[in-house]
Amino acid sequence: MKKFYITTPIYYVNAEPHIGSAYTTIMADIIARYKRMMGHDVFFLTGTDEHGLKILQSARRKGKDVKEFCDELALKFEKLWEDLKITNDYFVRTTNPEHEQTVNFFVRKMMENGDIYKGKYSGWYCVHCESYYDEDEVEEIDGKKVCPVCKREVKWVEEENYFFRLSRYNEALKKQFKENPDFVEPEFRRNEMLKILEKGLKDISITRTTFKWGIPFPGDEEHVIYVWVDALINYVSALGYGRESDDRMRKYWPADVHLIGKEINRFHSLIWPAMLMSVGLDLPKRVFAHGWLTVNGRKISKSLGNAVDPREFVRKYGNDVVRYYLVRDIVFGKDGDFSEEKLVRRLNADLANDYGNLVHRTLAMVKKHFDSHVPKPSKSGGMDEKLLEKTKKTVNSYINLMDSLRLTDAMEAVWGYVAFLNTYFDRERPWVLAKRGEKERLATVLYNTLEGILKVAMMTMPVMPDTSREVFKRLGFPEEVKPGHLEFWGSLKSGVHAIHGKPLFRKIEMEKFEKIAEVKEVEEKGENIITTDEFAKVDLRVAKILSARRIEGSEKLIEMEIDVGELGKRTLVGGLAKYYTPEELVGKLVIIVANLKPRKLFGVESQGMLLAAKKGSELKLLTVEGEIAPGARIS
RNA sequence: GGCGGCGUAGCUCAGUGGCAAGAGCGGGUGAUUCAUAAUCACCGUGUCGUGGGUUCGAGUCCCACCGCCGCCA
């Protein structure tokens, strides 16, 4: 059995997991599930990175013991992966004694090979980014030196450090890149790394003395190992490298794929391979750097309030739907945007209409005309040959695309096949065959469609495991997918019980849909200054609420009739039901944005927006101090 | 600042120098009724960012410019 070792980055535990970390892990999970389905012996690793100054500070800020703080967050990550049904085989933590043991062994080995020396480091340090900068790299704002990345103040540090002779591996790395064109993917990421190699690598400092939250440097306890060096070693410490029980190491190393985000490419494509060369281990076969996710077009960040919990989406739409959306809508490797509208569109069009309805309409006929038993096919005719051809082609390209990690394209190919199955069904018109009493042909057409559906369920198994299992159950296909199943036509047994069941996916009506979180339209610090002109564009008015009532079917929305004086009467919809009763609202003088583009909510057009102050679970409407005529302008 | 990438239909994007530039989504028309108002068929003259150039021929190569992004400084 061929082995397959895939890793995600280990996540830094100074903040709670968000959709970005979930994205990486879900993609890795899809690949892992696919490889298992194709008969590989898979080891899928994820975990947490728990050392470093930043974590120490986060813990202190919360008044917690560092280790306890790490334990809590690591648990949150583990819990999240459990909730998202991630099939990782192990969860590594850099505070595990076993990990420390491996790091110790690893670093000692680097020393033995003469790759570590003591030197002096001086430069600017950004605590937030855990990065060091040279004099010419830092920027100056208001006379203060700031980090070129995050613009926070940097501090001057001078340290005696141990250094890794990274420069020694410059040529070897170049060779590695030249001889292995798919060592780093996508290609443009590879080129970026190559360029760094052309310029030449400098040795890097790999220890710190200013704080203690890390793994002690072997032989010099004054130093702790730099968090990045410590972290990278997780990929082999999880396998038992340098410890007594290292059979996993022997079995699974080298990694087949290190799946990472683009921001940590240098560490994985240059530093980590050099470290491996230093200790004499094989290099990973492939480093795949995916892009970043924005949420509704904005960078994910806590301060923006759009660091959405993936679980909310899973709760609302289902795990499979979220996974399908992520893999289908965001081209794997590129940056992409996560938006709830787009998710709903995919759910409605691809899943409910194309796939779900195909399953539903086919099984409905099986139930009606074959008493819920998989029919027995006879001689082929009509489009049957074409269907077989299309199946073969689709399965082939699916396998090729999945193997080369083009996950998005693979799903696109599968949906081309779903469309073909719908066309096949329409052209063969089984409902007409039924009326004419052509039972043999009817049986063949339905069998073929079911077999096609089975193929779809197999190919989508890595992405939508629960849905696929449900489809297997309905088709009376008892087994898990095994190698060879995908390529073989005729896996379904005639005569077995088939279940019609409820539609696989429920559609969401676009007009009647409430988003989980309205993203705050706030820019990051420093970028949120607007001009007077821009502010003047916003027409703020006093309005009187004439009547109010709850909108049926919505938990939050209240529809109001308001009087805006010279602008007349308007309808307004606001998410107030959790804070005010309709009765409380009537008669209130409120502040509205009068020139906002109207928006339809639950079929009601809202012509403006109410202003309110919100903190946590509290919300208070803005009003005026004393009486003033409705329609009054606010400036 | 250096290097690189991108800018193609309302949206998201494909497009080895060569037939009259494509797909999906959305929209429109028709068909159909097995099905979750679903599916199927048909419907796109878009300055291919701008301006030059090379070529028999350029979205596709070259140069300049504009805009966005990435990596390194």
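Computed from a predicted structure; not experimentally measured.
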> Quick one: side chain to side chain donor-acceptor pair (under 3.5 Å) partners of A:Thr467, sequence neighbours excluded?
Replying inline: A:Asp320

Please write out each protein N/O paired with an N/O of nucleotides 40-42 of chain B under 3.5 Å, distance rounded to 0.1 Å.
| from | atom 1 | to | atom 2 | distance (Å) |
| --- | --- | --- | --- | --- |
| B:rC40 | O4' | A:Asp426 | OD2 | 2.5 |

>> Counting only heavy atoms and a strict 4.0 angstrom limit, can you tell me which residues of residues 408-415 of chain A come near RNA chain B?
In response: none

Taking only nitrogen or oxygen atoms into account, show me every contact under 3.5 Å that the protein makes with nucleotides 10-13 of chain B, one pair per line with its distance.
none

> Can you name the residues that form a side chain to side chain donor-acceptor pair (under 3.5 Å) with A:Trp489, not counting sequence neighbours?
Replying inline: none

> When rounded to the nearest Å, what value does the distance between C1' atoms of B:rC42 and B:rU32 take?
Replying inline: 14 Å

>> With salt bridge (charged side-chain N to carboxylate O under 4.0 Å, His left out) as the rule and sequence neighbours excluded, what pairs involving residues 358-371 of chain A come up?
In response: A:Arg361-A:Asp426

> Residues two or more places apart in sequence or in another chain: which of them pass side chain to side chain donor-acceptor pair (under 3.5 Å) with A:Tyr11?
Replying inline: A:Thr25

>> Considering every strand and a 4.0 Å limit on heavy-atom distances, what is the contact class for A:Lys367: base, sugar-phosphate, or nothing?
In response: nothing

> Tell me, which pairs form a ring pair (Phe, Tyr, Trp, His ring centres under 6.0 Å) where one or both residues lie in residues 385-436 of chain A, sequence neighbours left out?
Replying inline: A:Tyr34-A:Tyr398, A:Tyr324-A:Trp415, A:Tyr355-A:Trp415

Report each atom pair, protein N/O against N/O of nucleotides 26-30 of chain B, whose distance is under 3.5 angstrom.
none

> Can a side chain N or O of A:Lys195 be found less than 4.0 Å away from OP1 or OP2 on B:rG2?
Replying inline: no

>> Tell me which nucleotide, if any, is Watson-Crick or G-U wobble paired with B:rA23 when both distances must be under 3.5 Å.
In response: B:rU12

> Does anything in residues 259-272 of chain A pair up under salt bridge (charged side-chain N to carboxylate O under 4.0 Å, His left out), and if so which pairs, sequence neighbours excluded?
Replying inline: A:Lys262-A:Asp335

> A:Phe505: what forms a ring pair (Phe, Tyr, Trp, His ring centres under 6.0 Å) with it, not counting sequence neighbours?
Replying inline: none

>> Taking salt bridge (charged side-chain N to carboxylate O under 4.0 Å, His left out) as the cut-off, I'd like each qualifying pair that reaches into residues 389-410 of chain A, sequence neighbours left out, listed once.
In response: A:Lys35-A:Asp403, A:Arg406-A:Asp409

>> Heavy-atom count check: over 12 atoms from other residues, nucleotides or ligands less than 6.0 Å from A:Glu187 CD?
In response: no

